[in-house]
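Presented below is the structure to which this report refers.
Start at 1 and go down the list; that is how both ligands and their atoms are numbered. Along the sequence shown, residues are numbered consecutively beginning with 1.
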Amino acid sequence: MILLFTLFVNFSYYKWQADSRFYPLTSLILCFILLFMLKAVFPGSFDPLTLGHLNIIERASAIFQEVAVVVAENRVKKTLFSMDERLEMIRETVKPMANVRCYVWDSLIVDFMKREDIRIIIRGIRGMDDFSFEFELSIMNRALYPQIETFFMGTDPKYIVLRSSSIKELASFHGDVSQMVPALVADALKRKFSAPVN
Ligand code: ADP
């Protein structure tokens with residue numbers, strides 16, 4: 001696909017030598033190719049993955065050449081699912097998306113980005129609260145690694161109220177979460193909260 005585009009750009013450039021009206025077209029296509037060749041990282045706790053997270057992953061995978069979903073350790077939050085459980089649920093869910101890779105990472109996300117040579121970080125935004133938090137985080141990340149940019153993606157309105165913490169609470173009272181998380185996550189939540197408490 002990229003090869004075909006490159007050939008097309010070269011051909012347009014060749015035509016432009018004789019006709020300058022082709023210039024805007026070649027620039028547009030070059031920009032598209034460059035964006036398409038970029039990799040991005042989508043980090044989070046994903047405790048557990050929700051349909052809101054999944055929507056961001058799907059939309060990002062349609063734009064970027066590769067999306068790395070990173071289950072990042074959060075030393076402040078106590079999680080319900082282990083890192084491996086979260087990774088496995090995401091891996092299984094994103095299987096149909098060939099350009100999405102899944103990782104776990106227990107250090108700063110900028111170190112992961114340096115290791116993988118990725119310069120774009122994606123964050124999902126549900127509203128102003130998310131934005132002010134994410135904006136500060138983006139400034140902090142850029143202070144640590146000035147070559148990176150944060151791309152904010154607004155949630156689909158269908159998922160605006162989806163939050164892993166509220167979903168876990170609902171599931172703990174055996175509420176129906178099947179419209180909020182992928183089916184395999186709903187099953188895993190059911191199993192977690194039906195296990196006898198020691
Ligand atoms: P949370 O516990 O808030 O779900 P995560 O660390 O798992 O937090 O979230 C990872 C990223 O996904 C963050 O950028 C967060 O804002 C975003 N996100 C979480 N839920 C949604 C949603 N329903 N729609 C869009 N983005 C979301």
Side-chain angles (χ1 to χ4, degrees), residues 38-64 66-94 97 100-113 116 118-142 144-145 148-172 175-186 188-189 192-193:
L38 289 175
K39 293 180 183 182
V41 63
F42 182 46
S45 326
F46 305 112
D47 185 43
L49 178 77
T50 70
L51 294 183
H53 294 132
L54 189 59
N55 176 255
I56 298 286
I57 298 170
E58 281 167 349
R59 285 161 54 199
S61 84
I63 295 173
F64 296 101
E66 193 178 304
V67 177
V69 179
V70 178
V71 180
E73 177 163 278
N74 185 326
R75 294 189 177 156
V76 182
K77 281 187 196 170
K78 190 181 173 318
T79 60
L80 176 67
F81 292 98
S82 70
M83 298 263 273
D84 288 341
E85 284 174 319
R86 285 176 274 155
L87 176 72
E88 209 35 56
M89 285 189 279
I90 300 173
R91 206 167 253 165
E92 203 50 41
T93 310
V94 303
M97 290 176 255
V100 178
R101 310 251 178 284
C102 307
Y103 303 84
V104 289
W105 189 250
D106 65 357
S107 185
L108 291 174
I109 195 65
V110 290
D111 291 338
F112 174 85
M113 295 173 79
E116 298 292 320
I118 301 179
R119 307 261 296 270
I120 294 174
I121 179 163
I122 297 170
R123 302 299 287 164
I125 303 290
R126 286 162 292 199
M128 284 315 289
D129 284 354
D130 270 356
F131 183 73
S132 53
F133 173 74
E134 297 291 352
F135 183 63
E136 282 179 16
L137 198 64
S138 74
I139 291 172
M140 213 144 65
N141 281 330
R142 237 156 81 84
L144 295 170
Y145 184 19
I148 64 170
E149 292 294 343
T150 301
F151 281 22
F152 299 109
M153 292 179 68
T155 187
D156 184 303
K158 279 194 295 235
Y159 307 122
I160 205 157
V161 296
L162 296 192
R163 198 169 289 276
S164 299
S165 51
S166 344
I167 292 172
K168 280 182 286 189
E169 193 172 354
L170 182 57
S172 74
D176 179 15
V177 295
S178 59
Q179 305 298 308
M180 304 174 189
V181 293
L184 67 91
V185 175
L189 280 166
K192 276 278 175 204
F193 290 112

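- With contacts defined as side-chain heavy-atom distances shorter than 4.5 Å, the pair R123/P43 qualifies.
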Output side-chain donor-acceptor pairs under 3.5 Å for residues 102-110, partner residues at least two apart or in another chain, one line each.
residue : atom : partner : partner atom : Å
W105    : NE1  : S107    : O            : 3.4
W105    : NE1  : L108    : O            : 2.7

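- Partners of E85 under the salt bridge (Lys or Arg N to Asp or Glu O under 4.0 Å) rule, at least two apart in sequence or in another chain, are K192.
- Looking at heavy atoms from C-beta onward, L189 lies in side-chain contact with I167 at the 4.5 angstrom threshold.
- Near ligand 1, residues F42, P43, G44, S45, F46, G52, H53, I56, K77, R123, G124, R126, D130, E134, T155, Y159, L162, S164 come within 4.0 angstrom through at least one heavy atom.
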Could you go through residues 49-58 and list every donor-acceptor pair under 3.5 Å that involves a side-chain atom there, pairing it with any protein atom two or more places apart or in another chain?
residue : atom : partner : partner atom : Å
T50     : OG1  : G52     : N            : 3.1
T50     : OG1  : H53     : N            : 3.2
T50     : OG1  : H53     : ND1          : 3.4
H53     : ND1  : T50     : N            : 3.0
N55     : OD1  : R59     : NH1          : 2.9

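- Heavy atoms of other residues, nucleotides or ligands lying less than 6.0 angstrom from CZ of F131 number more than 12.
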